[in-house]
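Reading through the structure tokens given below for one structure.
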Number of protein chains: 2
Amino acid sequence: MHLLDYFLNIHFKQSQGCFAIFGFLDFLMKKKEKITIHDIAMEVGVTASTVSRALNNHPRISPATKKMVLEAARAINYKPNRIAAALRHGKSKLIGIIVPTINRNFFSSIVRGIEEYANARDYKVMISQSYDDYKKEVETIDALLDARVDGIMVSLGKNTHSFAHFESVIQKGIPLVFFDRTTDELEVNQVIIDDYAAAYQATNHLIRQGYCHIAHFTSHMKIKIYQERLRGYTQALLDNGIHFDAKMVVESNMQLDGGRNSARFLLDQSFGFDAIFSASDYAIVGALQELKKNQVRIPQEVGLIGFSNEPFTEFTEPALSTVDQKAISIGENTAALFFEMINGDSRPKPRIKKVLDANLIIRTSSSRIPNIQLNTNSTNPE
Amino acid sequence: MHLLDYFLNIHFKQSQGCFAIFGFLDFLMKKKEKITIHDIAMEVGVTASTVSRALNNHPRISPATKKMVLEAARAINYKPNRIAAALRHGKSKLIGIIVPTINRNFFSSIVRGIEEYANARDYKVMISQSYDDYKKEVETIDALLDARVDGIMVSLGKNTHSFAHFESVIQKGIPLVFFDRTTDELEVNQVIIDDYAAAYQATNHLIRQGYCHIAHFTSHMKIKIYQERLRGYTQALLDNGIHFDAKMVVESNMQLDGGRNSARFLLDQSFGFDAIFSASDYAIVGALQELKKNQVRIPQEVGLIGFSNEPFTEFTEPALSTVDQKAISIGENTAALFFEMINGDSRPKPRIKKVLDANLIIRTSSSRIPNIQLNTNSTNPE
DNA sequence: CCAGCAAATGCAATCGATTGCGCTATTATA
DNA sequence: TATAATAGCGCAATCGATTGCATTTGCTGG
């Protein structure tokens, strides 16, 4: 009886000759965190190689042996040490994610999508935040490389205008996928939504509601999504015969205060405006606050539409129209793209760009025509 | 020249006799992901043991050698393989975090606190979400154990009323720290805020504002924080000579819809109420919506206070008073507790319970007396 | 001038799982 | 029946870093 030998031997050594009789399982429990394939091997009476192959369902292992190994593994509560496996075949089964901040419904939902897709395939996820800080983003890339992740998924920080830190990832041959906040300056796969179409749709909706002096809140033009949203906004104006006025495009940090400032700027100017299409929900809330403070009635005098469908857009008074980006779907597609990359043959492929559709959610803030006005509670955020 | 030998040797083998002359650095770059201490050893002309010791600042290595090793490491862009190190000394330098959902300012801020504290000590963090689902929580514990994390930090899911999955963590000797949503049924270290004091303070504030029929929104009583908040609420009433009425305590899921339903329930009852202290910001927003729908004026007729200082509490009309839990500080303290556990001697210690103070933020929703009313924009969420 | 000690490194085993190669039986083929 | 093929499994090296013990070198004091 192999296990008995082992049991007596080890335990004898450990306790200096003074030992009591435990049950085997009890003994193995006492081992704590130390159950390896060798323990299984001993139990079954084969070598560790065979156990390893059995556990990995290797074709050259007989069904009978496999069964015994599996049973023994379960019996002694074996957990594979994925660190050892990782060292051996150079794959950590870890995926690194970098987002500007996790504290946004949009990003945390994407992460959720990635996580569920990856977990189902026995991959774990490491989440890092760049806080929109370039330096932190560079450090984070380094940290993930340090952790030996098998792939990295990134949404760029707002202040990232140089991409050398990604070059090194690419050069090391580590799969890299961008989502949402991407750039065209790198030859990488990416998953984005059709920002252009969404912006076009939103602007068009405002026009249909009778608004015709529509302002646009945007952020740094280095970021693709803002370019696209601006493009959609512009095109919608043109297609409806509305004059595009560059003064109506206001750039800010897209945060609450940025939105307030931009709204104040618009109010201070002499040219009139009767609607705002903002590329960010946060900025539009800031604008809402500023406008209300100045007794501007929403949506009667000014119509508002945000972007991202953050949960709080439902909480405001009035509820804000916005664009839902189907974040979970973005996450799933990003993860799927990663798995395509590691599973496919290694022939160099052209860049893949998945473009998903977004979804305009019309609430009170942009509904001036009564019969189109929708219920505030049309979607449930929880 | 050691490196030259190596270079010729390896490269010769790899390219079957057909090789070109690269620079050394260039060659090493081409190695991609494969630079180990052996490469450094070869470069410097010592063994891997020496390199390892030099890199770890071992006292028995001469300063001269250390310097050479460090320089060579930098020169060939060496990155330690922490997987190999992890395998060797059984420490992954990974910390697992489980939160109900990352999509809450409160939790993501805690995570941020933990992350920064841990990263500064060369530990990485793995974040998992339980989505308040018991089954998922159990699976997640398993996944983290699988990933060989060195410790686990948890905030319990709402539906977790059994704790066997944590027993196994404790038994394996893996440091376990609870934060915020904890239980007394386990003998574990924990970091919490003084929910009792915060609730007392909030209720007391309402009373000072002249509200005297104060309702309380709460959730499942298995969770310590809700017990404590209820206790604070009750005590404040008693201390002010206000009769405690169990009918005024309404239990729900603490989500938006739960808050709406609870508010409707209060409105439907014959007994009057003129204030609500909610143990959740989400529920109080639901209540706010429901009350406004019924033309109840806030704060004139009914005063409201939430809990957690979620960013959106500033966006509502009127802005909501709430309790700030200093989430980042909770995170830092939780991480600090973890490091105390792994660094201290291994003698069994009594359970540690860190209790931090919370901070009442008074906004319009509970400010009936003009001269106490504060500015809506008193704090900046970004 | 040599034992004795310490400083500085090297040797080799180890962590746990994986895998190419090789060795037996057993079965199939000629 | 003899040989080839194949299934089933063991041996030992390997992944990269770490570490107890052994070894070498240099120096000091008797």
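In what follows, chains carry the letters A, B, and so on, assigned in the order in which the sequence lines appear, proteins first and then strands, with residues in each chain numbered from 1.
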Exercise. Rounding to 10 degrees, work out the angle separating the end axes of the helix from dC1(C)-dG30(D) to dA30(C)-dT1(D) (five pairs an end).
Key: 60°

In whole angstroms, how far is the [atom2] atom of [N] from the [atom1] atom of [X]?
X	N	atom1	atom2	result
K91(B)	dC15(C)	NZ	C1'	14 Å
L87(A)	dC15(D)	CG	C1'	4 Å
R82(B)	dC15(C)	CZ	C1'	17 Å

Quiz item: Mapping H89(B) and H89(A) onto DNA chain C by nearest heavy atom, which one lands closer to the 5' end?
Solution: H89(B)

Quiz item: Is the closest side-chain donor-acceptor distance between T65(B) and S62(B) under 3.5 Å?
Solution: yes

Quiz item: Can a donor-acceptor pair be found between the side chains of K124(B) and N119(B) at a distance below 3.5 Å?
Solution: no

Exercise. Report which part of the nucleic acid S49(B) touches: base, sugar-phosphate, or nothing (heavy-atom distance under 4.0 Å, all strands).
Key: base

Practice problem: Answer with base, sugar-phosphate or nothing: what part of the nucleic acid does V51(A) contact at a heavy-atom distance below 4.0 Å? | Solution: nothing

Quiz item: Quick one: is T47(A) getting a side-chain N or O under 4.0 Å of the dG10(D) phosphate, OP1 or OP2?
Solution: yes

Quiz prompt | Given DNA chain D, 5'-ward residue of the pair T65(A) and I83(B), judged by closest heavy atom | solution = T65(A)

Practice problem: Under 4.0 Å from any atom of DNA chain D, heavy atoms only: list the residues of residues 52-63 of chain B that qualify, in numerical order. | Solution: S52(B), R53(B), N56(B)

Quiz item: Does any N or O in the side chain of D150(A) come within less than 3.5 Å of the main-chain N or O of K91(A), such that one atom is a donor and the other an acceptor?
Solution: no

Practice problem: Establish, for the pair R112(B) and Y131(A), whether the NZ or CZ atom is under 6.0 angstrom from the six-membered ring centre and no further than 45 degrees off its axis. | Solution: yes

Quiz item: Can the ring centroids of Y123(A) and Y117(A) be said to lie less than 6.0 angstrom from one another?
Solution: no

